[in-house]
Amino acid sequence: MADDTGVSFALSEEQNLLRDEVRRFAREQIRPGVAERDRAHEFPAEILREMGELGLLGMLVPEEYDGAGFDVLTYALAIEEIAAVCPAVAVTMSVTNSVCCWPIAKFGSHELKNRVLRQLARGEAIGGFGLTEPGSGSDAGAMRTSAVRDGDHWMLNGEKAWITNAGHGKFFVVLARTEPGEGTRGISAIVVPSDAPGFAVGTPEEKLGLKASSTAPLYFTDCRVPAGNLLAEEGHGFRVAMATLDHSRLGIAAQAVGIHRRALELAVEYARERVQFGVPIARHQAIQFKVAQMATELEAARALTYAAAVAEHRPEAGRLASQAKLYASEAANRACWQALQIHGGNGFCEDYEIARLYRDVRVTTIYEGTSEMQRMVIARHLTRSK
Ligand SMILES: Cc1cc2nc3c(=O)[nH]c(=O)nc-3n(C[C@H](O)[C@H](O)[C@H](O)COP(=O)(O)OP(=O)(O)OC[C@H]3O[C@@H](n4cnc5c(N)ncnc54)[C@H](O)[C@@H]3O)c2cc1C
């Protein structure tokens, strides 16, 4: 596949091998029990441990810090494979790779990388990212969590909401205000270990979907962490957060592509088998049109995701990642809606996989920036003065 700017999406032998290996792992190790874990809200700790051993939690970390050192396209391929089987495992994986390991690798000191990043990259620890607060979601600059310097430590006070991997993560990249005031200035990014004094996890959220992933608030009460846990410079945290999200949205785009692909597979399988009016419903044109639309949008979403991935080091990478996340998440939601429609009443029943995907896909247009925020980011890139 190539676009008119000459970008080639031809996968290398290494990328093909990795994708096949992850696909096999997802089908053999993750698929068994996926519905039961969803029903029981069970975090798949053992699966995550195995993924860590395979290097899937430190995919973007350089090899010198025990990571796999993959490029972003290879990472997107892996997320798609995992999401096609279990979107809840995919988000756990994506958060550890994209919003915890990535900013530490990019903005952390050598000492911090030795102390923290190696554990994450080796799969010995799961990571998270604390940006959202009860009063600041899309308007992240309105955050109130504070961090003040106290000798060789930072002391944090405040609360973060909706934190993926809370209760299971060992390290969280937390954004906190280090200078009083409003807006995006005076915010710093600090790595907070879950065993720091004054760190606490709240009651897990009762979510609509992704029930086998963990989401809960974090509380900091005079929470002390070493001064060396700062990422970049003091006061540059908002830049760290935005750079991280610019990059990580690609993981959510890939997650949406994986869910979309599986919804299409399920719809086609069901339409071939279900007979109404004397023929499989796949023979009715109304069903065929739905399938054709889903398949076309899947290819478009995947192409945009790959285009964003291969632009990794170009100035337009952030805009393309937002475009990929916006399009892929909305297309996947449409696809799950249509796939459930094709299942008729059975689609409304938890015995059918499409019911779980329909619930899981919903959040892809919300987290790591809502669709509305993506449109604002894209428009800002396009209209700002040169
Ligand atoms: C399952 C799950 C996991 C999550 N994991 C994490 C995590 O690990 N770490 C983390 O920090 N956060 C996490 N989040 C939080 C997530 O990023 C936020 O929910 C998201 O950014 C939206 O913020 P909000 O929910 O406060 O919605 P709000 O910001 O209150 O928005 C509500 C609605 O208003 C719209 N809106 C807001 N402002 C504008 C505007 N200016 N113009 C037009 N429309 C606007 C929004 O698009 C949305 O439709 C998670 C959320 C969920 C549901």
Side-chain angles (χ1 to χ4, degrees), residues 38 41 43 83 86-103 120 126-145 156 158-177 183-184 187 189-192 194 201-220 231 237-238 240-249 251-253 255-256 259 322 325-326 329-330 333 356 359-380:
D38 181 71
H41 300 200
F43 185 82
C86 182
V89 170
V91 73
T92 306
M93 169 186 173
S94 149
V95 163
T96 299
N97 276 286
S98 291
V99 288
C100 189
C101 287
W102 189 86
L120 289 159
I126 288 173
F129 180 70
L131 177 66
T132 308
E133 298 185 1
S136 59
S138 302
D139 183 13
M143 72 178 65
R144 300 177 66 167
T145 294
L156 285 89
E159 173 180 352
K160 294 289 172 183
W162 292 106
I163 306 306
T164 302
N165 296 342
H168 298 274
K170 187 166 175 192
F171 300 106
F172 293 85
V173 171
V174 173
L175 283 302
R177 197 166 283 289
T184 57
I187 289 171
I190 298 169
V191 176
V192 180
S194 59
V201 177
T203 309
E205 303 294 345
E206 266 297 332
K207 304 193 296 290
L208 173 71
L210 299 181
K211 289 174 185 277
S213 75
S214 127
T215 318
L218 298 181
Y219 301 108
F220 312 105
L231 299 183
F238 203 74
V240 171
M242 293 306 111
T244 300
L245 290 173
D246 269 355
H247 153 85
S248 69
R249 285 175 181 137
I252 306 303
Q255 183 195 27
I259 298 172
S322 277
K325 198 260 183 194
L326 170 65
S329 63
E330 295 199 343
N333 269 276
R356 174 171 54 83
R359 291 187 284 98
D360 286 351
V361 78
R362 187 62 190 88
V363 75
T364 59
T365 64
I366 294 171
Y367 57 20
E368 298 204 10
T370 62
S371 285
E372 291 77 11
M373 291 304 113
Q374 302 313 321
R375 288 186 170 88
M376 282 167 61
V377 169
I378 296 161
R380 205 175 295 139

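Counting starts at 1 for both ligands and their atoms, in listed order.
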Exercise for the section: Answer yes or no: is there an ion pair linking D38 with R359, defined by an N-O contact shorter than 4.0 Å? Expected result: yes

Handout entry: Under-4.0 Å salt bridge between E133 and K160
Key = yes

Problem - Backbone of V361 reached by a side-chain donor or acceptor of N333 within 3.5 Å - result: yes

For a distance cut-off of 3.5 Å, show me each N or O of ligand 1 paired with any protein N or O, plus the separation.
{"unit_1": "ligand 1", "atom_1": "5 (N)", "unit_2": "W162", "atom_2": "O", "d": "2.8"}
{"unit_1": "ligand 1", "atom_1": "5 (N)", "unit_2": "T164", "atom_2": "OG1", "d": "2.8"}
{"unit_1": "ligand 1", "atom_1": "8 (O)", "unit_2": "T164", "atom_2": "N", "d": "2.9"}
{"unit_1": "ligand 1", "atom_1": "8 (O)", "unit_2": "T164", "atom_2": "OG1", "d": "3.2"}
{"unit_1": "ligand 1", "atom_1": "9 (N)", "unit_2": "F129", "atom_2": "O", "d": "2.8"}
{"unit_1": "ligand 1", "atom_1": "11 (O)", "unit_2": "L131", "atom_2": "N", "d": "2.9"}
{"unit_1": "ligand 1", "atom_1": "11 (O)", "unit_2": "T132", "atom_2": "N", "d": "2.9"}
{"unit_1": "ligand 1", "atom_1": "11 (O)", "unit_2": "T132", "atom_2": "OG1", "d": "3.1"}
{"unit_1": "ligand 1", "atom_1": "12 (N)", "unit_2": "T132", "atom_2": "OG1", "d": "2.7"}
{"unit_1": "ligand 1", "atom_1": "14 (N)", "unit_2": "W162", "atom_2": "O", "d": "3.4"}
{"unit_1": "ligand 1", "atom_1": "29 (O)", "unit_2": "S138", "atom_2": "N", "d": "2.8"}
{"unit_1": "ligand 1", "atom_1": "29 (O)", "unit_2": "S138", "atom_2": "OG", "d": "2.7"}
{"unit_1": "ligand 1", "atom_1": "47 (O)", "unit_2": "T370", "atom_2": "OG1", "d": "2.7"}
{"unit_1": "ligand 1", "atom_1": "47 (O)", "unit_2": "E372", "atom_2": "OE1", "d": "2.8"}

Problem - For F172, all residues meeting ring pair (Phe, Tyr, Trp, His ring centres under 6.0 Å), sequence neighbours excluded - result: F199

Which donor-acceptor pairs under 3.5 Å do the side chains of residues 136-143 make with protein atoms, sequence neighbours left out?
none

Practice task
For F43, enumerate each residue passing the ring pair (Phe, Tyr, Trp, His ring centres under 6.0 Å) test, keeping only those at least two apart in sequence or located in another chain.
Solution key: H168

